[in-house]
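Everything numeric here is computed off the predicted structure, so don't read it as measured data.
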Amino acid sequence: MIRDNIKNILEELPSGIELEAATKKRSVSQILEAIDAGIKIIGENYVQEAQSKFTVVGKKVRWHLIGHLQKNKVKAAIKIFDMIETLDSVELASVLDKECERAGKVMPVLIEVNSAAESSKSGVLPENVEDLAGQILEYKNLKLMGLMTMGPFVELAEDIRPFFKKTKEIFDKIKQSAAANIDWKYLSMGMSDTYRIAYQEGANIVRVGTAIFGPR
Ligand SMILES: *Cc1c(COP(=O)(O)O)cnc(C)c1O
């Protein structure tokens with residue numbers, strides 16, 4: 001089932017759009033099956049959960065952090081993850097930069113945008129994204145590569161479109177204004193119910209859990 005689901009989604013996705021398997025609460029054997037079926041990126045929400053899976057799965061896939069990163073988990077996180085999609089403050093950037101320097105590593109990062117400006121959600125408000133991007137560019141052990149958003153919970157998938165559009169606008173604006181030497185290229189949006197809308201609106205990474213693995 002996992003294999004068929006992945007095959008169908010990969011066939012459907014236009015070229016240039018990467019399928020990231022969101023693997024929170026999924027077992028190592030499910031993850032290995034997904035990798036065998038063609039998954040190249042997995043997204044984990046929690047550092048601790050990722051740690052135990054990483055011990056078994058290792059580097060045969062790229063690991064992205066898609067949940068909020070606590071400062072006291074940074075050191076452990078940089079041992080596992082190839083990208084942090086959820087950078088949302090200069091304080092976190094500073095801690096991350098310092099630990100990456102210590103580890104002799106440059107970490108690819110995305111800024112998480114709180115595109116619906118919900119008080120309950122992490123991520124940076126749309127109007128503050130450009131400022132934060134400018135600050136992150138100062139850190140030489142972080143490689144800023146784009147934006148990620150969750151968007152609000154919606155009953156009707158179509159209702160999320162304006163928030164994806166908004167995030168794409170910010171993405172394009174920074175692309176135009178950014179220094180020519182930054183590798184600004186990833187827009188991570190869309191989940192099982194909304195990934196089609198996400199790629200229509202310009203996402204090039206979609207994060208899919210349920211539509212691959214079934215209900216959690
Ligand atoms: C769980 C999760 C997903 C995938 O959600 P599904 O609805 O299961 O596809 C995507 N992004 C983030 C940040 C998640 O936590």
*Asks:* Ile182 and Leu142: same hydrophobic cluster, using ILVMFWY side-chain contacts below 4.5 Å?
*Replies:*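 Yes, same cluster.
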*Asks:* Met189 versus Tyr199: any side-chain heavy-atom pair under 4.5 Å?
*Replies:*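 Result no, sub-4.5 Å side-chain heavy-atom pair not found.
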*Asks:* What's the verdict on side chain to side chain contact (heavy atoms under 4.5 Å, CB included) for Ile2 and Gln30, showing C-alpha distance, side-chain angles and the deciding distance?
*Replies:* CA-CA 8 Å; Ile2 292 175; Gln30 287 175 302; 3.9 Å; yes
*Asks:* Indicate yes or no: at least one non-hydrogen side-chain atom of Leu110 is less than 4.5 angstrom from one of Met145.
*Replies:*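 Of all side-chain heavy-atom pairs linking Met145 with Leu110, at least one is under 4.5 Å.
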*Asks:* Would you say Leu87 and Ile78 are hydrophobically clustered, going by side-chain heavy atoms of ILVMFWY under 4.5 Å?
*Replies:*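 Leu87 clusters together with Ile78.
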*Asks:* Can you confirm whether more than 12 heavy atoms, excluding those of Glu155, are under 6.0 Å from its CD atom?
*Replies:*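 No - once you tally the heavy atoms of other residues, nucleotides and ligands closer than 6.0 Å, there are 12 at most.
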*Asks:* For residues Ala50 and Trp63, report the shortest heavy-atom separation together with the two atoms involved.
*Replies:*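 Of all heavy-atom pairs spanning Ala50 and Trp63, the closest is O-CZ3, 4.0 Å.
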*Asks:* Between CZ of Arg62 and CD of Glu18, what distance do you get to the nearest 0.5 Å?
*Replies:*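 Going from the CZ atom of Arg62 to the CD atom of Glu18 covers 4.5 Å.
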*Asks:* Kindly say whether Asp4 contributes a backbone atom to a donor-acceptor pair with the side chain of Asn8 at under 3.5 angstrom?
*Replies:*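 Yes, the answer is positive, given that a donor and an acceptor are paired below the 3.5 Å cut-off.
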*Asks:* Atom CG of Asn204 and atom CD1 of Ile17: how far apart are they, to the nearest 0.5 Å?
*Replies:*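 Going from the CG atom of Asn204 to the CD1 atom of Ile17 covers 7.0 Å.
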*Asks:* Report the C-alpha distance between Glu118 and Met150 in whole Å, list the side-chain angles of each, state the deciding distance to 0.1 Å, and finish with yes or no for side chain to side chain contact (heavy atoms under 4.5 Å, CB included).
*Replies:* CA-CA 11 Å; Glu118 296 165 284; Met150 292 271 288; over 6 Å; no
*Asks:* Just jot down the salt bridge (Lys or Arg N to Asp or Glu O under 4.0 Å) partners of Lys173, sequence neighbours excluded, or say none.
*Replies:*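 Applying salt bridge (Lys or Arg N to Asp or Glu O under 4.0 Å) to Lys173 gives Glu130.
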*Asks:* Measure from the side-chain N and O atoms of Ser188 to the backbone N and O of Met148, and report whether any donor-acceptor pair falls under 3.5 Å.
*Replies:*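 Here the side-chain-to-backbone pair does not exist.
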*Asks:* What's the shortest heavy-atom distance between Ser122 and His68, and which atoms?
*Replies:*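 Scanning both residues, the minimum pair turns out to be CB-ND1, 3.9 Å.
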*Asks:* What is the minimum heavy-atom distance between Gly190 and Ala198, and which atoms define it?
*Replies:*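 Heavy atoms only, the tightest pair is CA-CB, 3.6 Å.
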*Asks:* Going only through I, L, V, M, F, W and Y residues with side-chain contacts under 4.5 Å, is there a path from Leu137 to Val95?
*Replies:*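 Per the 4.5 Å side-chain linkage, Leu137 and Val95 are co-clustered.
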*Asks:* Is there a side chain to side chain contact (heavy atoms under 4.5 Å, CB included) between Ile84 and Leu92 once you walk through the steps?
*Replies:* CA-CA 11 Å; Ile84 308 293; Leu92 178 59; 5.7 Å; no
*Asks:* Please name the pair of heavy atoms, one in Gly67 and one in Thr86, separated by the smallest distance, quoted to 0.1 Å.
*Replies:*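 Heavy atoms of Gly67 and Thr86 come nearest at O-OG1, 2.8 Å.
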*Asks:* Can you confirm whether Tyr195 sits close enough to Leu19 that some side-chain heavy atom of one is under 4.5 Å from a side-chain heavy atom of the other?
*Replies:*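 Tyr195 vs Leu19: side chains apart.
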*Asks:* Any salt bridge (Lys or Arg N to Asp or Glu O under 4.0 Å) pairs touching residues 161-171, not counting sequence neighbours?
*Replies:*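 Passing the test, one end in residues 161-171: Glu158-Arg161, Arg161-Glu201, Lys165-Glu201, Lys168-Asp172.
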*Asks:* Same cluster or not: Val113 versus Trp184, using hydrophobic residues (I, L, V, M, F, W, Y) connected whenever any side-chain heavy atoms lie under 4.5 Å apart?
*Replies:*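 Yes.
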*Asks:* Which heavy atom of Asn141 sits nearest a heavy atom of Glu101, and at what distance?
*Replies:*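 Nearest heavy atoms, Asn141 then Glu101: ND2-CB, 3.4 Å.
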*Asks:* Report yes if some heavy atom in the side chain of Tyr139 is under 4.5 Å from a heavy atom in the side chain of Leu144; otherwise report no.
*Replies:*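 Side-chain contact under 4.5 Å: no.
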*Asks:* Do you know the tightest heavy-atom contact between Asp88 and Gly123?
*Replies:*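 Scanning both residues completely, I find the closest heavy atoms to be OD2-N, 3.0 Å.
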*Asks:* Are more than 12 heavy atoms, taken from residues, nucleotides or ligands other than Lys98, located less than 6.0 Å from that residue's NZ atom?
*Replies:*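 Incorrect, the count does not exceed 12.
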*Asks:* First locate atom CG of Asn5, then atom OG1 of Thr210, and finally report the distance between them rounded to the nearest 0.5 Å.
*Replies:*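 Result: 10.5 Å between the selected atoms.
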*Asks:* Taking atom NZ of Lys73 as the centre, report whether more than 12 heavy atoms of other residues, nucleotides or ligands fall under 6.0 Å from it.
*Replies:*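 Above 12, so yes.
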*Asks:* What's the spacing between Ser89 OG and Gln135 CD if we round to 0.5 Å?
*Replies:*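 The distance works out to 9.5 Å.
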*Asks:* Are Ile80 and Leu65 joined in one hydrophobic group, where the rule is that I, L, V, M, F, W and Y side chains link up if heavy atoms are under 4.5 Å apart?
*Replies:*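 They do share one cluster, since a chain of ILVMFWY contacts under 4.5 Å joins Ile80 to Leu65.
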*Asks:* Does a side-chain heavy-atom distance below 4.5 Å link Val61 with Ile31?
*Replies:*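 When only atoms from C-beta onward are counted, Ile31 and Val61 do not touch, as no gap falls below 4.5 Å.
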*Asks:* Against Glu44, only a single residue in Lys25, Arg26, Lys24, Lys53 fulfils salt bridge (charged side-chain N to carboxylate O under 4.0 Å, His left out); can you say which?
*Replies:*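 So the option named by the test is Lys53.
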*Asks:* Could you check whether any side-chain N or O of Thr194 sits under 3.5 Å from a backbone N or O of Ile197, counting only pairs where one atom can act as donor and the other as acceptor?
*Replies:*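 Side chain of Thr194 to backbone of Ile197: no pair is present.
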*Asks:* Any chance you could measure Ile35, atom CD1, to Lys60, atom NZ, to the nearest 0.5 Å?
*Replies:*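 Spacing of CD1 (Ile35) from NZ (Lys60) equals 6.0 Å.
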*Asks:* Strictly below 4.0 Å, N to O, side chains only: are Glu112 and Lys121 in salt-bridge contact?
*Replies:*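 Looking at Lys121 together with Glu112, the answer is no, because their closest N to O distance does not fall below 4.0 Å.
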*Asks:* Is there a side-chain contact between Glu20 and Glu85 (heavy atoms, below 4.5 Å)?
*Replies:*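 Yes - at least one pair of side-chain heavy atoms lies under 4.5 Å apart.
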*Asks:* Out of curiosity, Thr23 OG1 to Arg216 CZ, how far, rounded to the nearest 0.5 Å?
*Replies:*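 So the gap between those two atoms works out to 10.0 Å.
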*Asks:* Walk me through it: do Phe54 and Lys79 pass the test side chain to side chain contact (heavy atoms under 4.5 Å, CB included)?
*Replies:* CA-CA 10 Å; Phe54 182 77; Lys79 293 196 178 114; over 6 Å; no
